[in-house]
Protein chains: 2
Amino acid sequence: MTESHPLWQQIAQTLEEELARALPGDRLPTETRLAARFGVNRHTVRRALAALAESGLVHARRGAGVFVAAQPTEYPLTRRTRFHGALSATGRVPGRRVLSVQSAPASETEAQVLALQAAAPVLRVEGVSLSDGQVIGHFRSAYPMGRLPGLAQHIQLGKGVTESLAACGVADYTRAWTRLTARNADAILAGHLQLRPGDAVMRLESMNQDPDGTPLEYGITHFAGQRVTLTVAPE
Amino acid sequence: MTESHPLWQQIAQTLEEELARALPGDRLPTETRLAARFGVNRHTVRRALAALAESGLVHARRGAGVFVAAQPTEYPLTRRTRFHGALSATGRVPGRRVLSVQSAPASETEAQVLALQAAAPVLRVEGVSLSDGQVIGHFRSAYPMGRLPGLAQHIQLGKGVTESLAACGVADYTRAWTRLTARNADAILAGHLQLRPGDAVMRLESMNQDPDGTPLEYGITHFAGQRVTLTVAPE
DNA sequence: ACCTATTTGTCCGTATGTATT
DNA sequence: TAATACATACGGACAAATAGG
């Protein structure tokens, strides 16, 4: 093809084809060696590797090298979505790390979604979700404190959402709705998810409610696109 | 801030905050001006702008400048997902452009999902979906020809999926399941969706069936992450 | 229709920082 | 500790697309 694509794209495509015959965890040649092989500057190779990393095919570790990436985790997205159970069912070991818990007056959006009066107190919980020890998601949730007295203590003890809600008298809850979109990770999110800025992530905005329809939780979760597949199935 | 975040990240964050007060279509200062303003090299500004572009916040046009991007389209994802109806309901004008129609023996995956014998004939349809004239998605579908005689003629006449299936005697169909993940667009997909390589896209793999559970369509759709929000709601 | 200045895109080269081995 | 390897930042040069005269 006389179609003169940029050098870095040609290199990326060549590498992508070769990656099809590689195994997850395999290490690529160093940037310097690749530059020598293709007869280009190291930065041109870096541009190509950046594209592959954005596609989730490889990931770089400073000082170590560039490695072939692994396979995704399945995550069913149903009305009764439970993080712990969802992952256990697919044979993964779930985990959770709470980064911060704080109470604050509800934002405009939170008040509206949770059906609260303006500036009513909410408990904000931020953390990351793990699958087999690897970070797959980052969540930021808001709980109405008025309806869930004592929730903060349980959350801070490291208990799961379902368990903590049960301790507050919530026997059951279901997901009312979910809004989904894809974004490129910014620097902060990439840090949480152990990705590179620009990597594709799925953004889920959702609300959970009790059987009476009372809102119990409003959250925004970001999943690492390359490590998670969401499944939407009828029940 | 002595907080040692890279320069380009700090610049990206500053610009992101300022973008919140900008209107879609607004033009940013040139790279050279921004470099002067932040007291850095032009390449450092470019790295920051690249991150914002990957997040879908801005869009660069060579020779013209960098511009603030536009707003997303809503797309409900239910058991009875109908492209035309879904968009009409949100006040958008839907559209579809078929790029190719061809018959071929089913691939291994197609045969398995559609419950066909190996290499049974399927009709493959590829095209793009429009909302208000703008490309929002790219689809590649496979239909079992044995169950849908004459489908090719209707599809080629430019009719919609629902309409074409109706002409083959399918009065109703529902979505059996959907698998979702986020990816970065490669060069080809970016071309179809009028995005830039590396932009976040949502990949939907889905199967539609008739009321008896007979598979009718297996397809993979990619939505432009910045232009579409999927909603998952219980029925 | 043509030219020109402007603006972004690509590529090279160099230097230095930081994490890993 | 030292060598290796990726990350950041700077500088320069030219190509390609755009906009305006």
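Below, chain A is the first sequence line, B the second, and so on; all start at residue 1.
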Between [N] atom [atom2] and [X] atom [atom1], what is the distance in whole Å?
X       : N      : atom1 : atom2 : answer
A:Gln10 : C:dG9  : CD    : P     : 19 Å
B:Leu7  : C:dT16 : CG    : C1'   : 13 Å
B:Phe38 : D:dT8  : CZ    : P     : 18 Å
B:Gln9  : D:dA7  : CD    : P     : 12 Å

- Given protein heavy atoms under 4.0 Å, the one-letter contact record of nucleotides 1-6 of chain D, with B base, S sugar-phosphate only and - none, is simply ----BB
- Residue pairs passing the salt bridge (Lys or Arg N to Asp or Glu O under 4.0 Å) test with at least one member in residues 19-29 of chain B, sequence neighbours excluded, are none
- For A:Tyr218, all residues meeting side-chain hydrogen bond (donor to acceptor under 3.5 Å, both in side chains), sequence neighbours excluded: A:Glu205
- Message: Between D:dA9 and A:His43, counting only base atoms on the nucleotide and side-chain atoms on the residue, is there a donor-acceptor pair under 3.5 Å?
- Response: yes
- Query: What's the spacing between B:His59 NE2 and B:Leu28 CG if we round to 0.5 Å?
  - Reply: 13.0 Å
- Any side-chain N or O of B:Asn41 under 4.0 Å from OP1/OP2 of D:dA9? no
- Contacts of A:Glu18 meeting salt bridge (charged side-chain N to carboxylate O under 4.0 Å, His left out) (sequence neighbours excluded), chain-then-number -> A:Arg37
- Item | Qualifying residues under ring pair (Phe, Tyr, Trp, His ring centres under 6.0 Å), relative to B:His138, sequence neighbours excluded | B:His192
- Quick one: list whatever passes side-chain contact (heavy atoms from CB on, under 4.5 Å) with A:Ala36, sequence neighbours left out. none
